[in-house]
2 protein chains.
Amino acid sequence: MRLDDLDRRIVAQLLENGRASYAQIGDRVGLSAPAVKRRVDRLRAERVITGFAAVVDPAALGWTTEAFIEVFCTGATSPEDIYDSVHKHPEVVAAYTISGDASALVHVRAQDIQHLEQALERLRREPNITATKTAIVLSRLIGRPTDTGATTPA
Amino acid sequence: MRLDDLDRRIVAQLLENGRASYAQIGDRVGLSAPAVKRRVDRLRAERVITGFAAVVDPAALGWTTEAFIEVFCTGATSPEDIYDSVHKHPEVVAAYTISGDASALVHVRAQDIQHLEQALERLRREPNITATKTAIVLSRLIGRPTDTGATTPA
DNA sequence: ACTGAAACACACTTGTG
DNA sequence: CACAAGTGTGTTTCAGT
């Protein structure tokens, strides 16, 4: 599962354009199309590349509101319990356990402020959750495709 | 730029598998391959779909550490100024202006704790930035592909 | 072990109805 | 939007380094 420089360049190409043809990638990294395919197959088998996805503008689909919610839980709440409490809410697009006062940080997307309020109320109704602290996103300054992934290390 | 149900189903398919063939999508939504292609072309032209990207496991590429940093700025710092201050740091994968005390929330990825510390020091050296408050991610509970995008509204 | 080249099958793309 | 033709790409096989 060790990656060489060619692998990293191929991944970088696929982060920029997930639908690039193997021949096109090969031109940029100096390999033939079959060689690129074999490496991509290997990277997928090793779960370095876990999939491919369209990058979508949420606002264009009617999701105009987003927020980050610090979630505070009762004393002995495990990460699994937190997962159970938040993953069933479709508005939750990401969730992390974090250091600091809060138990978790939850990234939520909603269609509008009213929808956000509903989702928040639903979250607060979870038995494990004792309090929440919401920061509404005013504007997205940066959102690299590598938000869900990563590019080549320095 | 109004989307019908077919468009939303096509987008949903491409969020799950960004390399799905048009014929495969067509089978699932009840359209021929050319019809799907024309809609995808239109969705891209309208910037509903802004691109395609591989979904990568950051840990597999050596990025094992991530954090969310609340950034506090001097009184009259515009979103553009904040953008200028954070976007040049390659560790920053996302940044938002938010409501609340902090000026911005910055999502950072680093290779390890030492690297994170370096990035943090570099950030704090920005003239606009007066203080930071860092929450290190202990574990990622949820990270839907729609983190950078969105699925179909309820 | 991994590569490049050729062959085949499949997907994309365009035009037409 | 479906259909059908032509083009290009994905995929496999094989031989070479």
J.: Send over the distance from B:N17 CG to C:dA11 P, rounded to a whole Å.
T.: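 Rounded to the whole Å, the gap is 13 Å.
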J.: Report the distance from atom CG of A:D41 to atom P of C:dT3, rounded to the nearest whole Å.
T.: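 Rounding to the nearest Å, CG of A:D41 and P of C:dT3 are 12 Å apart.
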J.: Provide, to the nearest angstrom, the distance between the CZ atom belonging to A:R44 and the P atom belonging to D:dT11.
T.: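 It is 10 Å, rounded to the nearest whole Å.
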J.: Which residue, B:R109, B:H115, B:H107, forms the side chain to side chain donor-acceptor pair (under 3.5 Å) with B:E91?
T.: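 Per the side chain to side chain donor-acceptor pair (under 3.5 Å) rule, the option paired with B:E91 is B:H115, out of B:R109, B:H115, B:H107.
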J.: On the nucleotide D:dG10, are OP1 or OP2 found under 4.0 Å from the side-chain N or O atoms that A:K37 carries?
T.: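 It does not, given that no N or O in the side chain of A:K37 lies less than 4.0 Å from OP1 or OP2 of D:dG10.
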J.: How many whole angstroms separate atom CG of A:L31 from atom P of D:dG10?
T.: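 Taking atom P of D:dG10 as the reference, CG of A:L31 is at 14 Å.
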J.: Verify the neighbour count for atom CG of A:D5: are there more than 12 heavy atoms of other residues, nucleotides or ligands below 6.0 Å?
T.: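 Buried by this count: over 12 neighbours within 6.0 Å.
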J.: Let's go through B:F52 and B:R44 carefully: what are the C-alpha distance in whole Å and the side-chain angles of both, what is the deciding distance for side chain to side chain contact (heavy atoms under 4.5 Å, CB included) to 0.1 Å, and is it a yes or a no?
T.: CA-CA 10 Å; B:F52 295 91; B:R44 296 194 65 165; 3.4 Å; yes
J.: With nearest nucleotide decided by heavy atoms, which residue, B:A35 or A:R19, maps closer to the 5′ end of DNA chain D?
T.: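 Residue closer to the 5' terminus by nearest nucleotide: B:A35.
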J.: Would you please say whether a donor-acceptor pair under 3.5 Å links the side chains of B:N128 and B:T74?
T.: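 Absent: no donor and acceptor within the cut-off.
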J.: Using whole Å, what does the distance between atom P of nucleotide D:dG8 and atom CD of A:Q24 come to?
T.: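 To the nearest whole Å, that distance equals 15 Å.
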J.: Does A:R38 put a side-chain nitrogen or oxygen below 4.0 Å from OP1 or OP2 of D:dT12?
T.: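 Result: no.
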J.: Please tell me if A:R39 has a side-chain N or O lying less than 4.0 Å from either OP1 or OP2 of C:dC2.
T.: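 For A:R39, the contact criterion (side-chain N or O under 4.0 Å from OP1 or OP2 of C:dC2) is not met.
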J.: So, is A:Y22 close to the D:dT9 phosphate, meaning a side-chain N or O under 4.0 Å from OP1 or OP2?
T.: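 So the side chain of A:Y22 is outside the cut-off, no N or O lying under 4.0 Å from OP1 or OP2 of D:dT9.
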J.: Which nucleotide, D:dA2, C:dC12, C:dG4, lies nearest any side-chain atom of B:S21?
T.: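 Of all the options, the side chain of B:S21 is nearest to C:dC12.
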